Amino acid sequence: MAIKESKKFAKAKSLNEVDTHYCSGCGHGIVHHLITQVIDELNMAENTIAIAPVGCAVIAYDYWAFDSSEAAHGRTLAVATGIKRCQPDKLVFSYQGDGDLASIGLAETIHAANRGENISCIFINNACYGMTGGQMAPTTLVGQKTATTPKGRDPGAGQGWPLQISEMLAKLNGVKYVVRSSVATPAKVKETYNYIKKAFTVQLNREGFSLVEILSSCPTVWRLDPVQSNEWINTEMVKQFPLGVIKE
Amino acid sequence: MVSENILMTGNEAMAQAAITAGCHFYAGYPITPQNELIAYMAKHMPDQERVFIQAESELAAINMVFGAAASGKRAMTSSSSPGISLKQEGISYLAAAELPAVIINVMRGGPGLGNIATSQSDYFQATRGGGHGDYFTPCFAPWSVQEAYELVKLIFDLSDYYRTPSLILADAIIGQMMEPLNLKTKYPISRKLPQKTWALTGARKRKPKVIRSLILKEGALCEHNEHLRKKWEEIKAKEQRFATYKSKAIEYLVIAYGSQARLIQEAVDILRKDGIKIGLFRPISLWPYPVKGLKKTSKDVKKIFVVEQSLGQMVDDVRLALPKNEVHFLGKAGGGIPDVGQIIKFIKKKIKT
């Protein structure tokens, strides 16, 4: 079993051998590994088209060895819809952060989900805008300090509450699979692998929209070291964003 | 299937033209006065196993078109003025990523929500890129239902050939009016089209491809802009289109496009009965502006009149093309149309002074 597991988590063939631009301790690299390993296991690299967001993962396509498209900020699932409707046999997934998916692209997200687009969405929730220097995201926790909430997010000051996208989308008929996970512990990393595989399988079975929300650390913006960052996910973020399968 | 000669609105004719041209993907959002177009696509695209999506917004529609174009399929969206403003972000990305797509604007009165009457007030937006960054979009303006049908077919070819988003700039009159339409006109019209080797179709037996407009490497975006500049220059040199009416041996020239040119045609006939040697120059390509044809047609004229359903937008291109000529402008915006009587009165007055 141990040998099998270690083989599973070796570098994927569909992950390019290049250094990424991600910060130390950032969760994006782990999720890139997981996605590419799943695609290898499903033997889908030649039939995958990914759509990268605007945000920290904007050049994710430099790291993936399959066809990829850019999308304007938030329009990721609209571009994905255009691709998937023209090529229904391809595995099409969007890779989006919380700003892209839950703020500027919220309309595209809800409507792609509500149409039941047969697309998988990998949603990285790190409770902040990383690329632009750590501003408040829709998912920023109450009290969390960011560049635009210097006193901590305060719903009483008109800054709103953390948006629970997965719970919202799970209510839609077109949505067939929703799960929230994290990459903050080795066990959760393994679980996340299985969730991504399940989401892609839902798509390959033409069942409808699937979403994997992944709580992912941003040590740079959070001003924590990588270990502390994972602890913050495990103790604080999960209170607002409970882990587990939400709909299947 | 529709029969050969039929009565159709311009909106329906443009929709049918897209289907005839092999448009595989259409996404749109309701807005007056182009609703017949989206309804026609909703009715006829699925029958032919093509994709119709009523998008949640203009933003979504143009970005769905981006995805379809990235897949190598012919794709189109349509809207009217306020909706076209919303699409500008996507049009800029299409131009940057060199993805072919067709965007139809059935113009209405502006600015803002304006009204639903006819207008030609989006000329600046259509001919100066419209969105952010240095780019242009080929832009054709039909003056009849038949020409709307022909130009939509033609612009699909042109978009594929140059790998660029392109616009049809119609106005509410063209979109709404019904005219006899011959659907059996010759097609394809234009040119041998390149293979879409850049399309995202899955990296089978080839290296993975990326469609992108983010170009961060030092100097690389300058190079990309230079590459685009050469494309715009080539289009400017090769794709100028125009028509003339009674433009031989003239002393005066009127310039107008779209539905306004139809009124000018009538005004020209009336003025000529009064002995005034006047003709019509009608730009069909608004970008590239038909400068060569305009210079030739206006060579010996004394005065030039530009008439638009706007406060004066195309007139700038006339003045740029003909800096030494005497140019007079007549226009109305917000749904106003300079009518034949007003045009005749205006021209006669300006000839005397």
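Just so we're on the same page: letters track the sequence lines, and every chain starts at 1. What you see is a predicted model, and the numbers here were worked out from it, not measured in a lab.
Here the straight-line distance linking atom CD of Glu117(A) with atom CE of Met64(B) works out to 6.5 Å at 0.5 Å rounding. Within the model, atoms CD1 of Ile53(B) and CZ of Arg115(A) stand 5.5 Å from one another, a figure rounded to the nearest 0.5 Å. Rounding to the nearest 0.5 Å places OG1 of Thr81(A) at 7.5 Å from CD of Glu56(B). Once rounded to the nearest 0.5 Å, the distance linking CG of Leu200(B) with CD of Gln87(A) reads 7.5 Å.
When every heavy atom of Gly82(A) is checked against every heavy atom of Ser71(B), the shortest pair comes out as O-OG, 4.3 Å. When all heavy atoms are compared, the tightest approach of Glu70(A) to Leu214(B) is OE1-N, 2.8 Å. Closest approach of Asp67(A) to Thr201(B), counting heavy atoms only: OD2-N, 3.1 Å. Ala68(B) and Cys86(A) make their closest contact through CB-SG, 3.6 Å (heavy atoms, listed as atom of the first residue, atom of the second, distance).
Judged by distance alone, with hydrogens and angles left aside, the side-chain atoms of Asn47(A) form no donor-acceptor pair with the main-chain N or O of Gly202(B) at under 3.5 Å. The backbone N or O of Leu59(B) lies less than 3.5 Å from no partner atom in the side chain of Glu108(A), so there is not a single donor-acceptor pair. The main-chain N or O of Val79(A) is never found under 3.5 Å from a side-chain atom of Asn63(B) such that the two would form a donor-acceptor pair.
The number of heavy-atom neighbours closer than 6.0 Å to OH of Tyr29(B), taken from other residues, nucleotides and ligands shown, is 12 or below. Heavy-atom neighbours of Arg128(B) CZ from other residues, nucleotides or ligands within 6.0 Å: above the threshold of 12. Atom CG of Asn205(A) has more than 12 neighbouring heavy atoms from other residues, nucleotides or ligands inside a 6.0 Å radius. The 12-atom threshold is exceeded at CG of Leu228(B), counting heavy atoms of other residues, nucleotides or ligands nearer than 6.0 Å. Applying the 6.0 Å contact sphere to CG of Asn225(B) captures more than 12 heavy atoms from other residues, nucleotides or ligands.
Heavy atoms of Val210(B) lying under 4.5 Å from chain A belong to its backbone as well as its side chain. Of the atoms belonging to Phe66(A), it is backbone heavy atoms, and not side-chain ones, that fall under 4.5 Å from chain B. Of the atoms belonging to Arg206(B), it is side-chain heavy atoms, and not backbone ones, that fall under 4.5 Å from chain A. When heavy atoms are compared at a cutoff of 4.5 Å, Ile59(A) approaches chain B solely by way of its side chain, counted from C-beta outward. Lys73(B) touches chain A through its side chain: at least one heavy atom from C-beta onward sits under 4.5 Å away, while N, CA, C and O do not. With a 4.5 Å cut-off on non-hydrogen atoms, Phe52(B) touches chain A through its backbone but not through its side chain.
Residues passing the side chain to side chain donor-acceptor pair (under 3.5 Å) test with Asn43(A), sequence neighbours excluded: none.
Listed by first and then second residue, the salt bridge (charged side-chain N to carboxylate O under 4.0 Å, His left out) pairs involving residues 46-64 of chain A are Glu46(A)-Arg204(B), Asp62(A)-Arg212(B) (not counting sequence neighbours). Contacts classified as side chain to side chain donor-acceptor pair (under 3.5 Å) and involving residues 94-103 of chain B (residues at least two apart or in different chains) are given here: Glu98(B)-His227(B), Glu98(B)-Lys231(B).
Contact residues of residues 81-97 of chain B toward chain A are Glu89(B), Tyr93(B) (heavy-atom distance under 4.5 Å).
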